[in-house]
Undergrad: 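Take this structure, written in structure tokens, and hold onto it; I'll ask about it next.
Note on naming: letters A, B, ... go to the chains in the order of the sequence lines (proteins, then strands), and numbering restarts at 1 for each one. Values below: every heavy atom of this structure, side chains too, minus hydrogens, waters and symmetry copies.
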2 protein chains.
Amino acid sequence: MHDTTDEKFIETIGLIWQAEGNPRIAGQILACLILSDDPRSLSEIAETLGVSKASVSTNVRMLEARGLTEKVSRVGQRIDLWKAVPHPQGATLRAMSQRFRRNADRITEIAHDFGPEARGKQDKVAQFGDFYRSSADFLEQWADQLDKAAPARTTAPHIEDETENHG
Amino acid sequence: MHDTTDEKFIETIGLIWQAEGNPRIAGQILACLILSDDPRSLSEIAETLGVSKASVSTNVRMLEARGLTEKVSRVGQRIDLWKAVPHPQGATLRAMSQRFRRNADRITEIAHDFGPEARGKQDKVAQFGDFYRSSADFLEQWADQLDKAAPARTTAPHIEDETENHG
DNA sequence: CATATTGTTCAATATGTACTGAACGAACTG
DNA sequence: CAGTTCGTTCAGTACATATTGAACAATATG
């Protein structure tokens, strides 16, 4: 099934992501970049995973939006190189937190829709929403904690000025 | 779109569950039972949600396995009545925790597969697994805290009888 | 300008699985 | 025993969406 340990890791992370309701390829890309020491181009990733460049393009940007991958621009190079962020834990938790908070808001809004005549339902729904909200708070707090513990990155995008001066 | 606030809640929870990679109907059933003061029969639930009894049967038992619903047996009554557990938060967190722990185990195992000659990869993968494991610990701890804070049920709803083998 | 390379967009397809209907078994009644 | 009612199982279908191929835009070179 798995030829190499690399592939095993890539496929496992892909399956885990899929089980969480995400595209499998997104997880595979992340795993691929985590294993790689150097940033990889879109084409390299696509070939490694045996998928289309279109998928990689879409999903690597989704990962970027979640704060899990970064583009590494090289001066004088048009090509986009991608790397996994050094400590993805904080971003992962923060993404979860945001989802929870959105859910909390939606549910709380519904709780308000229940008039005072349905006090019982209103309370139960509100309680449900509160749970989501406190979960969001909790996860966010934890993410902060992790990010503090980990060597902090500056938010500025990393630029390799590895310019080889052409003759 | 939504006729009643009840339906709005039911559909919203269904969508949230679906976004998490679960069957939508499972979330709808849970929402339905949360809104209901009295336990509901399988047929009632099916009619309320406009879905087949087969789906309700399957999903309500999935919810039970996760500790979110309970069967209420009545003496001299063959019919199964279902209710949502009083405080589903703990069970929700515990289910998440278990998923995280399974993921952690799988990843750690892969980390071991990397020989010492691939120290860099081994470390990165192990770190990844550790994150999942500490997340699992964290969630479980929190679940305990919530369950302690909430009025304890007299009947212990332990679902942990299933021995968790790593294999 | 033409040509080459790279990344994105989007309609079409492939794929997984949620959901259903029908058949079945179990538990009760008369 | 035959006749109901209820829950589960399972093969088949429907449906959502992940993924692709091709067209396109953008950027560079000469």
Side-chain angles (χ1 to χ4, degrees), chain A residues 10-33 39-66 69-83 157 160 163-167, chain B residues 10-11 13-33 39-66 69-83:
Chain A
I10 289 171
E11 291 180 22
T12 300
I13 300 297
L15 291 175
I16 289 176
W17 272 64
Q18 191 169 35
E20 307 256 345
N22 302 117
R24 171 192 291 192
I25 286 188
Q28 293 181 332
I29 293 172
L30 182 62
C32 171
L33 292 179
R40 296 278 169 202
S41 74
L42 199 145
S43 310
E44 282 175 328
I45 300 170
E47 191 181 5
T48 301
L49 302 180
V51 299
S52 71
K53 296 203 305 181
S55 280
V56 177
S57 172
T58 304
N59 284 284
V60 82
R61 276 177 293 133
M62 177 221 274
L63 290 168
E64 184 186 31
R66 296 198 191 178
T69 58
E70 286 175 343
K71 218 187 280 192
V72 179
S73 1
R74 275 196 188 157
V75 288
Q77 257 291 16
R78 186 151 63 92
I79 230 172
D80 287 341
L81 296 179
W82 293 91
K83 55 175 284 210
E160 287 184 355
T163 14
E164 40 180 306
N165 36 359
H166 59 292
Chain B
I10 289 172
E11 291 181 21
I13 300 297
L15 290 176
I16 289 175
W17 272 65
Q18 191 171 36
E20 306 257 344
N22 301 117
R24 170 193 294 192
I25 286 187
Q28 292 181 333
I29 292 172
L30 182 62
C32 171
L33 292 179
R40 297 279 168 200
S41 75
L42 198 144
S43 310
E44 282 174 328
I45 300 171
E47 192 181 3
T48 301
L49 302 181
V51 299
S52 71
K53 294 203 307 181
S55 279
V56 177
S57 172
T58 304
N59 285 284
V60 83
R61 277 177 292 131
M62 177 221 273
L63 289 168
E64 185 185 30
R66 296 198 191 177
T69 60
E70 287 175 343
K71 216 187 281 192
V72 179
S73 3
R74 279 198 185 152
V75 287
Q77 257 290 17
R78 185 152 64 92
I79 239 175
D80 288 341
L81 296 180
W82 293 91
K83 56 175 282 212

Undergrad: Nearest 0.5 Å, what's the CG-CD distance between A/Leu49 and A/Glu11?
TA: 10.0 Å
Undergrad: Starting at CG of A/Leu42 and ending at P of C/dT5, how long is that distance when rounded to a whole Å?
TA: 16 Å
Undergrad: Report the distance from atom OG of A/Ser41 to atom CD of A/Glu47, rounding to the nearest 0.5 Å.
TA: 9.0 Å
Undergrad: Under 3.5 Å, is there a donor-acceptor pair between the side chain of A/Thr48 and the main chain of A/Glu44?
TA: yes
Undergrad: Hey, does the side chain of B/Ser55 come within less than 4.0 Å of C/dC19's phosphate (OP1/OP2), counting only N and O?
TA: no
Undergrad: Rounded to whole Å, please give me the gap between CZ in B/Arg24 and C1' in C/dA18.
TA: 10 Å
Undergrad: May I ask which nucleotide in the shown strands pairs with C/dT6, Watson-Crick or G-U wobble, both distances under 3.5 Å?
TA: D/dA25
Undergrad: Tell me the interatomic distance from B/Ile25, atom CD1, to C/dT17, atom C1', rounded to whole angstroms.
TA: 12 Å
Undergrad: Return whichever of A/Thr58 or B/Gln28 has its heavy-atom-nearest nucleotide of DNA chain C closer to the 5' end.
TA: A/Thr58
Undergrad: Could you check if a side-chain atom of B/Leu42 sits within less than 4.5 angstrom of a side-chain atom of B/Lys53, using non-hydrogen atoms only?
TA: yes
Undergrad: Working to the nearest 0.5 angstrom, can you tell me the gap between A/Ile29 CD1 and A/Glu64 CD?
TA: 12.0 Å
Undergrad: So, is A/Arg61 near the phosphate of C/dT8, with a side-chain N or O under 4.0 Å from OP1 or OP2?
TA: yes
Undergrad: Could you state the CG-P distance from A/Leu81 to C/dT6, rounded to the nearest angstrom?
TA: 11 Å
Undergrad: What integer distance in Å separates A/Asp80:CG from C/dT6:P?
TA: 11 Å
Undergrad: For the pair made of CE in B/Met62 and P in C/dA18, what is the distance, rounded to whole Å?
TA: 7 Å
Undergrad: Could you grab the distance from atom CG of A/Leu33 to atom CD1 of A/Ile10, nearest 0.5 Å is fine?
TA: 9.0 Å
Undergrad: Taking heavy atoms of chain B and a 4.0 Å limit, find me the 5'-most and 3'-most nucleotide of DNA chain D within that range.
TA: D/dT5 to D/dT9
Undergrad: Starting from P on C/dA18, measure out to CG on B/Leu49 and report it in whole angstrom.
TA: 17 Å
Undergrad: Take the protein atom CG of A/Asn22 and the nucleotide atom P of C/dG16, then report the distance between them rounded to whole Å.
TA: 18 Å
Undergrad: Between the main-chain N or O of A/Gln18 and the side-chain N or O of A/Asn22, is there a donor-acceptor pair closer than 3.5 Å?
TA: no
Undergrad: Given that A/Gln18 and A/Lys53 both sit by DNA chain C, which one's nearest nucleotide is further toward the 5' end?
TA: A/Lys53
